[in-house]
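In what follows, a structure is listed as structure tokens, so that the remarks can point back to it.
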2 protein chains.
Amino acid sequence: MRKRKGAGRPTIADVANKAGVSTITVSRALRDPSKVSDHLRRKINNAVRKLNYVPHSHASALASTRSNIVGVIVPSLTNNVFADTLRAIYDDFDHGAFQVQLGNSRYVADEEERLVRSFLGQGPSAMIVAGTDQTDATRELLENAGCPVVQIMDIGDDPIDMMVGFSHFDGGRAAGHHLVQKGYQRIGFLGARMDPRSHRRLEGFKEAMQSGGRYDPDLIMTTTVSSSVSLGSELIGQLRARRPDLDAVFCNNDDMALGALFGCQKAGLSIPEDMGIIGFNDLEMMAAACPSLTSIRTDRYAIGKRAVEMIRAVLDGDIPDDKIIDVGFELQQRESTDRVG
Amino acid sequence: MRKRKGAGRPTIADVANKAGVSTITVSRALRDPSKVSDHLRRKINNAVRKLNYVPHSHASALASTRSNIVGVIVPSLTNNVFADTLRAIYDDFDHGAFQVQLGNSRYVADEEERLVRSFLGQGPSAMIVAGTDQTDATRELLENAGCPVVQIMDIGDDPIDMMVGFSHFDGGRAAGHHLVQKGYQRIGFLGARMDPRSHRRLEGFKEAMQSGGRYDPDLIMTTTVSSSVSLGSELIGQLRARRPDLDAVFCNNDDMALGALFGCQKAGLSIPEDMGIIGFNDLEMMAAACPSLTSIRTDRYAIGKRAVEMIRAVLDGDIPDDKIIDVGFELQQRESTDRVG
DNA sequence: TAACATTATGTTAGCGCTAACATCGACAAC
DNA sequence: GTTGTCGATGTTAGCGCTAACATAATGTTA
């Protein structure tokens with residue numbers, strides 16, 4: 001008699017045996033307790049505890065053609081912005097019946113497509129992807145995924161399924177408006193790794209400049225290099241070299257803004273008098289900086305939390321009131337733009 | 001005839017059919033091509049391509065009692081230190097035959113144990129855990145995991161299996177030595193979230209103070225609150241209030257150091273004359289700060305990379321030369337401690 | 001050339017779970 | 001009482017893959 005050894009740990013059959021029921025009843029008791037009488041449920045739970053039984057997720061996934069995996073694809077693991085959102089997702093999913101499967105697309109759409117393909121191959125319970133700029137193929141894959149899909153960080157009017165985020169265009173415009181209102185005249189833009197969301201911030205910024213009568217493309221400096229504090233410091237130097245009359249900058253994120261601050265300090269400028277600086281995201285350090293730095297506050301943690309809530313609702317059979325959730329943003333004015341007249 | 005629908009995508013049987021071979025030959029051709037003749041291998045690869053076949057990982061895991069999952073458990077998703085290491089791990093594993101399964105232990109040992117249990121339940125190909133301070137139960141679980149296990153970030157003399165990291169004690173001592181050498185007299189320590197690695201840094205620092213004849217426990221200020229730039233700023237204020245004669249600080253990480261810098265700037269101190277500041281990890285921003293900040297440079301990316309290399313070696317049947325890899329660290333001296341005696 | 005390795009491929013029986021259908025008893029309706 | 005309905009439980013047959021053994025084809029040695 002041929003025999004394979006298995007993993008060596010207790011199976012659902014062991015539990016069924018001990019509880020004196022059939023395996024399917026154990027399966028039901030664990031997945032949907034309401035389908036089993038109190039009497040048997042108690043016996044089964046006891047057996048589970050005694051045997052220290054843990055369901056074999058692979059066997060379950062194979063039999064049901066549906067895994068307990070939630071696929072999450074973000075473009076960066078080091079960007080604090082995504083870290084906060086991820087933390088929210090893990091805080092919520094990590095404890096329950098779901099396994100988070102994380103992918104890093106490195107801001108490359110084809111990588112994202114490859115990851116989506118690979119994750120869908122596992123029959124995930126849900127998918128979370130960053131942004132709204134998927135390739136056509138990725139979109140189609142996700143539309144036919146047969147599971148809830150949430151696009152996070154950004155919003156738009158054509159969700160694959162659901163969306164949680166905020167308008168980067170509006171955020172960029174608010175930043176631009178603020179600098180105009182503060183009376184700055186030659187307002188620049190510093191942008192690293194111009195991903196689609198940064199582009200929309202820039203578009204919003206441009207609109208603010210135009211409506212404020214200050215639009216000057218020569219004051220916009222962008223690069224595909226990934227953002228860093230050092231880069232912010234460097235770029236502000238380059239922009240000032242090109243346009244010594246520059247008197248304010250909107251940086252596409254907070255690292256760049258902090259770098260711009262350092263760059264100006266090295267050049268002996270005083271902030272906010274000689275140069276106004278505003279960042280984006282409002283990372284924790286912005287309030288602590290000296291001078292403190294103005295930024296557009298975004299609630300990344302809430303984005304993750306709301307995304308999970310939506311997914312849970314759909315999996316529980318509820319239909320969410322709204323397929324698109326705008327968590328908004330808020331201008332945090334601080335010393336770096338607080339000049340008098 | 002009862003029929004179940006399956007996932008709807010091609011199976012190994014479809015490939016076998018198209019290629020005119022048995023399923024096991026396809027299985028072998030995909031897992032270990034050397035076991036199949038060139039002739040059949042080519043036919044099989046063609047069939048795979050034509051059918052767009054993707055192996056069902058759950059079925060494979062079930063049949064082989066071994067999944068292609070690599071479990072990674074870190075204590076924080078937002079700490080840049082781990083982000084760099086994770087990036088290395090994902091850069092390497094994400095493309096190949098392995099799936100990274102990430103867990104966040106939140107610096108709680110029992111959480112880590114729970115995650116280890118849950119990951120081992122999936123029969124992982126390898127496990128990566130942060131630090132050397134697992135609970136006894138966790139240690140035992142990992143020792144009997146039947147797969148390579150790498151402890152990262154720290155090193156010690158009693159690895160569960162393998163280790164990649166550096167000595168935090170030595171790092172802390174080097175930081176202390178540096179401040180002594182620079183002639184600072186009343187040298188403080190600022191420590192947030194005193195996890196085991198921070199404790200070892202502090203111990204190293206203490207030894208340096210003792211050997212330098214400057215040990216003063218009153219100058220050590222720690223908290224369990226998690227580290228942040230704001231906290232660094234706040235704590236340096238508190239420490240200076242307690243000990244106005246303080247003239248240098250070693251911060252247990254770079255966020256704290258940056259916060260300390262800002263705190264001192266707000267208080268009107270000049271760095272490095274009135275206060276020397278040194279951080280730990282040498283995040284990218286340290287070099288860009290104004291003044292630039294001295295730090296202990298650690299190569300987090302290398303830690304991830306080496307961990308993956310070790311795992312790959314073991315899975316390929318090689319025995320690594322060394323079970324413990326010390327990637328070391330390097331003092332990066334910058335303006336924040338560069339005062340003239 | 002017989003005896004024996006060695007290599008390439010196939011057959012069969014699971015891995016642990018759940019979908020789909022079957023059964024059984026309790027209870028209601030007429 | 002017969003019929004129907006409904007909820008609780010059981011039986012059976014896979015889900016897609018691979019371990020373990022079996023066999024056929026080839027080379028190797030004395």
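Note on naming: letters A, B, ... go to the chains in the order of the sequence lines (proteins, then strands), and numbering restarts at 1 for each one.
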| request: Output yes when at least one side-chain N/O atom of B:Ser60 is less than 4.0 Å from OP1 or OP2 of D:dT18, else no. | output: yes

| request: Could you tell me whether the phosphate oxygens of D:dT18, OP1 or OP2, come under 4.0 Å of any side-chain nitrogen or oxygen in B:Ser27? | output: yes

| said: Between A:Arg9 and C:dC15, is there a contact of a side-chain N or O with OP1 or OP2 at under 4.0 Å? | reply: no

| task | Could you check how far OH of A:Tyr53 sits from C1' of C:dG16, rounded to whole Å? | result | 7 Å

| query | Does a side-chain heavy-atom distance below 4.5 Å link B:Arg106 with A:Asp91? | reply | yes

| said: It should be established whether B:Ser22 places a side-chain nitrogen or oxygen under 4.0 Å from OP1 or OP2 of nucleotide C:dG10. | reply: yes

| field | C:dT18 phosphate, OP1 or OP2, under 4.0 Å from A:Ser64 side-chain N/O | value | no

| request: Starting from C1' on D:dT18, measure out to CG on B:Asn68 and report it in whole angstrom. | output: 14 Å

| message | Is any side-chain heavy atom of A:Pro10 closer than 4.5 Å to one of A:Asn52? | response | no

| message | Is there a side-chain contact between A:Thr23 and the phosphate of C:dT18, meaning an N or O under 4.0 Å from OP1 or OP2? | response | no

| query | Parallel under 30°, tilted from 30 to 60°, perpendicular over 60°: which one fits the rings of A:His58 and B:His58? | reply | tilted

| task | Round to the nearest Å and state the distance from A:His58 atom NE2 to D:dT18 atom P. | result | 13 Å

| Can you tell me how far P of C:dT11 sits from CD1 of B:Ile12, to the nearest Å? | 15 Å

| note | Note: for B:Gly20 and B:Ala59 on DNA chain C, the residue whose nearest nucleotide lies more 5' is B:Gly20

| task | Answer yes or no: does a side-chain N or O of B:Thr25 lie under 4.0 Å from OP1 or OP2 of C:dG10? | result | yes

| said: Closest approach to the side chain of B:Ser37, judged atom by atom: which nucleotide of D:dT9, C:dG14, C:dT9 is it? | reply: C:dT9

| task | For B:Leu40 and C:dT7, give me the distance from atom CG to atom C1', rounded to whole Å. | result | 13 Å

| Could you give the CZ-to-C1' distance, from B:Arg31 to D:dA20, as a whole number of Å? | 12 Å

| A:Thr138 versus A:Glu112, side-chain donor and acceptor atoms under 3.5 Å | no

| query | Out of D:dG10, C:dG16, C:dG14, which nucleotide sits closest to the side chain of A:Ala63? | reply | C:dG16

| message | So, taking the atom named CD1 in A:Ile325 and the one named CE in A:Met310, what distance separates them when rounded to the nearest 0.5 Å? | response | 4.0 Å

| Any B:Arg66 side-chain N or O less than 4.0 Å from OP1/OP2 of D:dC17 | no

| remark: note: B:Lys35, atom NZ; D:dA20, atom P; distance rounded to Å ~ 11 Å

| remark: Walking DNA chain D from its 5' end, the first of B:Arg28 and A:Val36 to be reached, judged by nearest nucleotide, is A:Val36

| request: Provide, to the nearest angstrom, the distance between the CG atom belonging to B:Leu62 and the P atom belonging to C:dC17. | output: 9 Å

